Structures are given as structure tokens and as C-alpha cells.
Amino acid sequence: MKLRLELAAAVAALVECCSAWPSDQPFRQIAIIGAGAAGSSAAYFLRNYTTHAGFHVNITLFEKTDRIGGRTLTVNPFNDLAQLFELGASIFVPVNHILNDSVTEFNLSTRAAETDSSSIIGIWDGDRFVFTLDRSQPSWWKGLKVALRYGLTSPWRAEQFTAATIAKFLRIYDAPFFPFPSLTQRAQDLGLDAFTGVTGEQVLKENKIGALYAHDVVQASTRVNYASNIAVLHGLHTLVSLAANGAIGVRGGNWQIFSEMARRSSAFLALNTTVVAIDKGEDAASDRPRYTLQTTSGIAPDDTTTYPVAFDNVIIATPYQFSGMSAGLGVLDSPIEAVPYVELHVTIFTSPSWFSPRFFGLRSSQKPPGLVLTTLASTDTPDSGVAGAGKAGFFSLSNIGKAINPKTLREENVYKVFSPEALTPDFLSRLLGSTVPETFTGEASPITWYHAHVFHSYPKAYPRVKFQDPVVGQGVYYTAGMESFISTMETNALMGKNVARLIVDDMLITRSSSGLERGGDGVAWEDKQRILN
Ligand SMILES: Cc1cc2nc3c(=O)[nH]c(=O)nc-3n(C[C@H](O)[C@H](O)[C@H](O)COP(=O)(O)OP(=O)(O)OC[C@H]3O[C@@H](n4cnc5c(N)ncnc54)[C@H](O)[C@@H]3O)c2cc1C
Ligand SMILES: *[C@@H]1O[C@H](CO)[C@@H](O)[C@H](O)[C@H]1NC(C)=O
Ligand SMILES: *[C@@H]1O[C@H](CO)[C@@H](O)[C@H](O)[C@H]1NC(C)=O
Ligand SMILES: *[C@@H]1O[C@H](CO)[C@@H](O)[C@H](O)[C@H]1NC(C)=O
Ligand SMILES: *[C@@H]1O[C@H](CO)[C@@H](O)[C@H](O)[C@H]1NC(C)=O
Ligand SMILES: *[C@@H]1O[C@H](CO)[C@@H](O)[C@H](O)[C@H]1NC(C)=O
């Protein structure tokens, strides 16, 4: 492994100085299936690495929808393009190097987290608020309020421990930990399998973080971030949920990062194009396989056509189990494992009303918090998804901003709800304290605009130490194994970058060995030995 890396680096250095890819060499054809964070990042870094090394590559980015971003997308209240909110991935943190650097490089501007930082945050267990915090208060006051319920050490230890774990993870960006042909191996190398192999509850307990703090605060975070509870979610996802310091998003939508990556990659964009099958063929001129893809288009979903280009590499950049793709004989070395995913309902709606105090059992003079996170009631069984929502029945409710209703020209509240099932008019009527009709919106409804979407949002991330590795066949790569390790925009983008590096290293090794045979690339064997030693 180490040798392979060094060889690639050495060859890259020599090649950079001395030779360009012969212009009579054909383009290497690379297919990327899925234009979310992973696929766009793979395209972007492939272009960067291959330009640097003097290779000709032709990248085709297949995307079944007509937009780039995948689970990173926005919606527009009242269908007004000037007003927008994140429906999918909404925040990232500055230590997310790929995203943070892209923002600078692409000259995008950022905003703070979505909720109004002056609003009150409450943790609701379905019976009562176990904790509330007025975020507009001075920090000493907030610290005191936290300390009164949870003590001083638990919050402090949780923060220290999260920071230490993130620091371990951050080593993955650089050699010798980057790139990584095996995520399982890398998780071990970084000592992170110790956290993925056990539940969040176990990790917190081992690190002497109090049970009450774990139950209320940590679990409220894992529920809003991963729709799961600490007794079932693995320790690394639990800690990632706590690592929200300095959270930001891109003004105008996080998808712009990925759209810009795709644009800068100069990849050929096959939008509205669903890949339904990958088949393996042989290249007569070499012993390398070439892959053909069967596609359908959004316009003619029943019409399968063979894509006219045959590919040297295929990057599958979407959870395979939901892709609707089949793989022909010999494409995959072994089947790609299906993992349980959370089915998450995300609902965004507008209303002039605030949450009803009665819904939360408050007095009518008490204003409910603008950000309601949830935890389990004492009688609930911990699980994930529907089974784990508990008495609260939902994961979070928040006032994410304001929007102008074009009919009244008044400012209204915009709300976002994460729940394991579709919201019902009955639930919304109780939440807003007035009748919501079956149609959700309409003349007498307190809801003026309504949008609901169901995602396979992220894996349930039960404890595990083995992950689907990125190399799944000869020249065939897969990114979504990352999601069972850490599911975020950044980590999926990192996996896209990793796969790009693995492909280019492979090209460098192929070039150097064929160069040696021909004696043509000007790199003497002695030189390589010298560099390697
Ligand atoms: C509600 C929600 C909130 C989240 N919040 C955050 C957050 O705040 N911060 C964060 O970092 N992460 C968050 N995440 C997670 C984050 O969105 C994902 O981890 C990340 O966006 C996944 O990127 P991806 O490229 O791996 O997959 P996707 O974004 O799912 O991209 C896959 C793409 O492949 C396409 N595709 C699928 N099948 C085919 C096919 N057969 N042919 C062609 N194209 C195909 C899809 O249309 C899609 O565009 C959230 C996710 C959800 C759902
Ligand atoms: C590749 O990325 C690096 C780092 O962002 C940048 O400095 C360099 O100019 C890029 N090279 C190409 C060829 O895109
Ligand atoms: C690159 O791929 C696109 C479509 O996938 C194809 O139309 C084009 O001819 C290819 N270009 C080269 C130089 O191979
Ligand atoms: C994709 O399909 C949609 C609807 O079927 C259409 O409006 C859009 O123009 C198409 N986009 C592309 C790039 O083909
Ligand atoms: C994130 O980007 C900002 C703006 O370019 C930069 O100032 C900051 O140092 C970066 N943060 C990290 C942790 O890299
Ligand atoms: C970056 O964006 C700002 C507006 O957000 C604009 O004023 C500025 O000219 C841009 N800079 C570059 C180099 O494009």
C-alpha cells in the first residue's frame, strides 16, 4: 500500500517535469453515475489531477434528475425564486475542508445556520420540555443554565472528546491516509473503528459523559441530524452530530458548490439520464475491460438505449440499492451491500401563526420555542426511524426564517419539520392551534404554502467496523460506502475525491509500466528506485 502510494507520487513528479501524455493516445473515458456531492466532487478532482499529470480524460456525468446536487437542494416558498430554503443538507462546518475551500475558490458567500440564533431552543420529550435555553441571553447565563441541569463536566467532556475525535478524522485528508482503497482499513488506521463499532450511548458512557446530558442534549442532536437515538446509532455518527461549531451554509443554496464543481470539471453532463445497467466488455486492443451503460431518459422512461461511449472507468456515486441499476456479469467483484436507510419526511411550510402553546402543554401566555428538538420519553423504546420517534412523534420542528406572502405582502414564518411519517392535517391543526384542511392550504387554512418531500436521507448507521470499500470491480468504483461511516456532504465529496485520486494513481502506474516496456517515458528504472528509497 505504502509502496504503491510512493510509486504513484514519484511517477507523478517525474511525469510532471518531463513529458505529456502522447497526443496520439486515446481519451480515457470515465463515467460518473450521480451528480450529488460525491459525483460532482469526483468529476472536479479527476479533472484537476489528470490535467496536472497530463492525461486526456473525457468525463461523462450521468444524472437522472435535471439538476445537480442530489440530496442537496432548495425549495422556494410561494414558488418565488427569490426566497429559498434548504430542503436537504443545510449546514456544514469550516473543518469540512473540501466544502470550505470550494466556497472560497468559487467565490460563494455563506450564511449562518438556518434557525434564528436569537430564538429559544427547547428539548421536548413528547410530554414536556426537559430543557430550554434562550439563545439571546449572554453566554455566562447560558453556561449557568446548562450547568444547573447537567453539571460542568459533561458538556465540557463532550466538547473535548468530540474535538479530539474530529482531529483524528481530519488526518484522512493527507498522505499517508489519503487516498484510501479500503475504508475499512482506513477506519482502523485512524482508530475510528473504536467509535463506529459501538453505540453512541456506549461511547458517551465510556468517556464519562453523564447519562442525563447524553439523553437530552446529545440525543436531541442525533435525532435532528440522523433521525436516530444514541442507543442504536454508532458512536462516530453520534459525535459528528455534536460537531456543529460554526455551522454555515451557502447563500442561495449549498447545491451551488456541486454545480460549480461539475461545471469546472468540463464533464459532459447527461442530465435527465438514468443509468439502468452496467455491462462489461473487453477492449480488443488491451486486456482492460470496457463498460457499456444502458440508459433511459426522463422523457421516455421505458425506452432503454445503449450509451454510445464505452467507458474505461465507472464511478457509481449514489446509494446502489436505490439506483435502479443492475450490474452485468463480472462488473462487480462481489455484490454491493444494501444497508438500512432512514426514510425521512421533510416538510417546509409557511404560516402567519406561531406554534400553539397548548400543543406543548404550556399556558396560553407562554410562547413555545422557535427550535424544538426532541428526545425519548422514559417509556419509549430507542430505535431509529418510525420505531424510534417515540412519544414526540417527530425529530425536530423549527422556525427557519421568514418569507413574504405575495398575496398579503406580509412577512410570515417558515417552518421545517423532520418526521418519520408524513404530517397529517390533524397534527398540524394541533401544532398551529387552528384547523388545517385535508388539502393543507386553502382559504381558511393557517398554512399558506406547503411542501413535503420524502428522502432516503442517510443510513441508520448501526454499529459496524466493516464498510463497503470504494473499489468494487476492475476500474469500477463506489462512493456511498462512506455513508455508513459518516454521512455528510463533505464526507461524500471526500469519497468522490478519493476515488478520483485512486483512478489517477492507477493511470500513473499503468503509464510508467508501459513506458518502461517501451523505454519511452524517459523514466529510468534506477531513477524510480532512487526516489523510492
Ligand atoms: C433532509 C436531509 C438533511 C441533511 N442534512 C445535512 C446537513 O445539514 N449537512 C450535511 O453535510 N449533510 C446532510 N445530509 C446528508 C447529505 O445530504 C448527504 O450525505 C449527501 O448530500 C449525499 O451526497 P451523494 O452525492 O453521496 O448522494 P446524492 O446526493 O443522493 O446524489 C446521488 C445522485 O445520483 C442520482 N442518481 C441516482 N440513481 C441514478 C441512476 N440510476 N442514474 C443516474 N443518476 C442517478 C440522484 O438523482 C442524485 O442526484 C442531509 C440529508 C438529508 C436528506
Ligand atoms: C488543482 O487544485 C489545486 C488546489 O486547489 C489548484 O491550485 C490547481 O490550480 C488545480 N489545478 C488544475 C489543473 O485544475
Ligand atoms: C466524450 O463523451 C461525450 C458523451 O459522453 C461524447 O459525446 C464525446 O464524443 C466524447 N469525446 C471524446 C473526445 O471522446
Ligand atoms: C429534463 O426534463 C424536464 C422535464 O421532463 C425538462 O423540463 C428539462 O428541460 C429537461 N432537461 C434537460 C437538460 O434535458
Ligand atoms: C474556511 O474558509 C475561510 C474563508 O476562506 C477561512 O478563513 C478559514 O480559515 C477556513 N477554515 C478552515 C478550518 O479551514
Ligand atoms: C465575488 O463575489 C462578489 C459578490 O458576492 C463580487 O462582488 C466579486 O466581484 C466576486 N469576485 C470575483 C473574483 O469574482
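Computed from a prediction, not measured in an experiment: that's the story for all the values here. For ligands, and for the atoms within them, numbers begin at 1 and follow the listed sequence. Values below: all heavy atoms of this structure, side chains included; hydrogens, waters and symmetry mates excluded. In this chain, residues are counted from 1 in sequence order.
Residue M325 has no nitrogen or oxygen atom sitting less than 3.5 Å from a nitrogen or oxygen atom of ligand 1, judged on distance alone. Taking only nitrogen or oxygen atoms, main chain and side chain alike, F418 does not reach within less than 3.5 Å of ligand 1. Of the polar atoms of E63, at least one N or O is found under 3.5 Å from an N or O of ligand 1, judged by distance alone. Between S90 and ligand 1, at least one pair of N/O atoms sits closer than 3.5 Å. Geometrically, ligand 1 and Y458 share no nitrogen or oxygen pair separated by less than 3.5 Å. Below 3.5 Å of separation, one finds an N or O of A37 facing an N or O of ligand 1.
Distance alone, capped at 3.5 Å, places no donor-acceptor pair between the S41 side chain and the G496 backbone. T184 places a side-chain N or O within donor-acceptor distance of the main-chain N or O of F467, the cut-off being under 3.5 Å. Side-chain N or O atoms of Q256 include one that pairs as donor or acceptor with a backbone N or O of G253 at under 3.5 Å. When atom types are taken as modelled, the side chain of S259 and the backbone of W255 share no donor-acceptor pair closer than 3.5 angstrom. Proximity of a side-chain donor or acceptor of D80 to a complementary backbone N or O of A82 within less than 3.5 Å is detected. Listed for the Q468 side chain is no donor-acceptor partner under 3.5 Å among the backbone atoms of I336. When atom types are taken as modelled, the side chain of H237 and the backbone of S487 share a donor-acceptor pair closer than 3.5 angstrom. Judged by distance alone, with hydrogens and angles left aside, the side-chain atoms of R186 form no donor-acceptor pair with the main-chain N or O of F180 at under 3.5 Å. Looking at T72, its side chain never comes within 3.5 Å of a backbone N or O of G70 through a donor-acceptor pair. Side chain of R501 to main chain of Y49: no donor-acceptor pair is present (N/O by atom type, distance under 3.5 Å, no hydrogens or angles).
Within ligand 1, the atoms closer than 4.0 Å to a non-hydrogen atom of G70 are 29 (O), 31 (O), 48 (C), 49 (O), numbered from 1 in the order shown. Those atoms of ligand 1 with a heavy atom of S323 less than 4.0 angstrom away are 38 (N), 40 (C), 41 (N). Atoms of ligand 4 lying under 4.0 Å from any heavy atom of D66, numbered from 1 in the order shown and given with element: 1 (C). Of all atoms in ligand 3, numbered sequentially from 1 with element shown, those under 4.0 Å from a heavy atom of T60 are 2 (O), 4 (C), 5 (O). Close approach of ligand 1 to G69 is summarised as follows: ligand atoms under 4.0 Å from at least one heavy atom of the residue are 29 (O). Within the listing of ligand 3, atoms 1 (C), 2 (O), 3 (C), 8 (C), 10 (C), 11 (N), 12 (C), 14 (O) sit less than 4.0 angstrom from a heavy atom of N58. Of all atoms in ligand 1, numbered sequentially from 1 with element shown, those under 4.0 Å from a heavy atom of T65 are 47 (O). In the vicinity of T72, heavy-atom distances shorter than 4.0 Å reach the ligand 1 atoms 21 (O).
Under the 4.0 angstrom criterion for non-hydrogen atoms, L87 is in contact with ligand 1. At least one heavy atom of E483 sits less than 4.0 Å from an atom of ligand 1. The shortest heavy-atom distance from I33 to ligand 1 is under 4.0 Å. Look at H56 and you'll find every heavy atom at least 4.0 Å from all atoms of ligand 3. Not a single heavy atom of G324 sits under 4.0 Å from any atom of ligand 1. Residue contacts with ligand 1 leave out G249, since none of its heavy atoms falls under 4.0 Å from the ligand. Using a 4.0 Å cutoff on heavy atoms, S487 counts as a contact of ligand 1.
In T488, the parts holding a heavy atom less than 4.0 Å from any atom of ligand 1 are both the side chain and the backbone. When heavy-atom distances to ligand 1 are checked against a 4.0 Å cut-off, A317 comes that close only through its backbone atoms N, CA, C and O. When heavy-atom distances to ligand 1 are checked against a 4.0 Å cut-off, N96 has no atom that comes that close, whether in backbone or side chain. For T274, heavy-atom contacts with ligand 1 shorter than 4.0 Å involve the backbone as well as the side chain.
For atom 34 (O) of ligand 1, the closest heavy atom belonging to the protein is G34 CA, 3.1 Å. Annotation: atom 27 (O) of ligand 1 to nearest protein heavy atom, R71 NH2, 3.0 Å. Counting protein heavy atoms only, atom 31 (O) of ligand 1 is closest to G36 CA, 3.5 Å. If you check which protein heavy atom lies closest to atom 11 (O) of ligand 1, you get M489 N, 2.9 Å. In terms of protein heavy atoms, atom 44 (N) of ligand 1 is closest to K64 N, 3.1 Å. The protein atom (non-hydrogen) at minimum distance from atom 36 (N) of ligand 1 is T318 OG1, 3.9 Å. Here the heavy atom of the protein found nearest to atom 14 (O) of ligand 3 is Q29 NE2, 2.8 Å. What sits closest to atom 20 (C) of ligand 1 on the protein, heavy atoms only, is N492 ND2, 3.7 Å.
When the options A89, G39, A227 are ranked by their closest heavy atom to atom 6 (C) of ligand 1, first place goes to A89. Of the listed residues (F62, Y307, F311), the one carrying the non-hydrogen atom nearest atom 4 (C) of ligand 3 is Y307. Closest heavy-atom approach to atom 8 (O) of ligand 1 among the candidates V346, I91, V342: I91. Ranked by closest heavy atom to atom 3 (C) of ligand 4, the top entry among L269, T65, L271, N272 is N272. The option from V275, L73, N272, V93 that lies nearest to atom 40 (C) of ligand 1, judged by heavy atoms, is V275.
Between V342 and F455, every side-chain heavy-atom pair lies at or beyond the 4.5 Å cut-off. Considering only heavy atoms from C-beta on, Q83 stays 4.5 Å or farther from N76 through its side chain. At least one side-chain heavy atom of V224 sits under 4.5 Å from a side-chain heavy atom of F418. Put simply, the side chain of V103 reaches to within 4.5 Å of the side chain of V250, judged on heavy atoms.
Under 4.0 Å is where a charged nitrogen must lie from a carboxylate oxygen, and between E337 and K466 no such pair does.
Put simply, CD1 on I248 and OG1 on T110 are 4.5 Å apart, with the number rounded to the nearest 0.5 Å.
With a 6.0 Å cutoff to the six-membered ring centre and a 45° limit on the axis angle, K497 counts as a cation-pi contact of F178.
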Would you mind writing out the side-chain donor-acceptor pairs for residues 26-40 within the sub-3.5 Å range, not counting sequence neighbours?
residue, atom, partner, partner atom, Å
R28, NH1, N313, OD1, 2.8
Q29, OE1, N58, ND2, 2.9
S40, OG, G36, O, 2.7

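For Q185, the CD atom is densely surrounded, since the number of other residues' heavy atoms within 6.0 Å is greater than 12.
For F268 and F62, the ring centers sit 6.0 Å or farther from each other.
At least one protein heavy atom sits closer than 4.0 Å to atom 1 (C) of ligand 4. For atom 7 (O) of ligand 4, no protein heavy-atom neighbour is found at a distance under 4.0 Å.
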Could you go step by step and tell me if E483 and R71 meet the salt bridge (charged side-chain N to carboxylate O under 4.0 Å, His left out) rule?
CA-CA 13 Å; E483 293 209 73; R71 274 169 275 171; 2.8 Å; yes
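Between F322 and Y341, the ring planes lie perpendicular to each other; the angle is over 60°, past the 30° to 60° tilted range.
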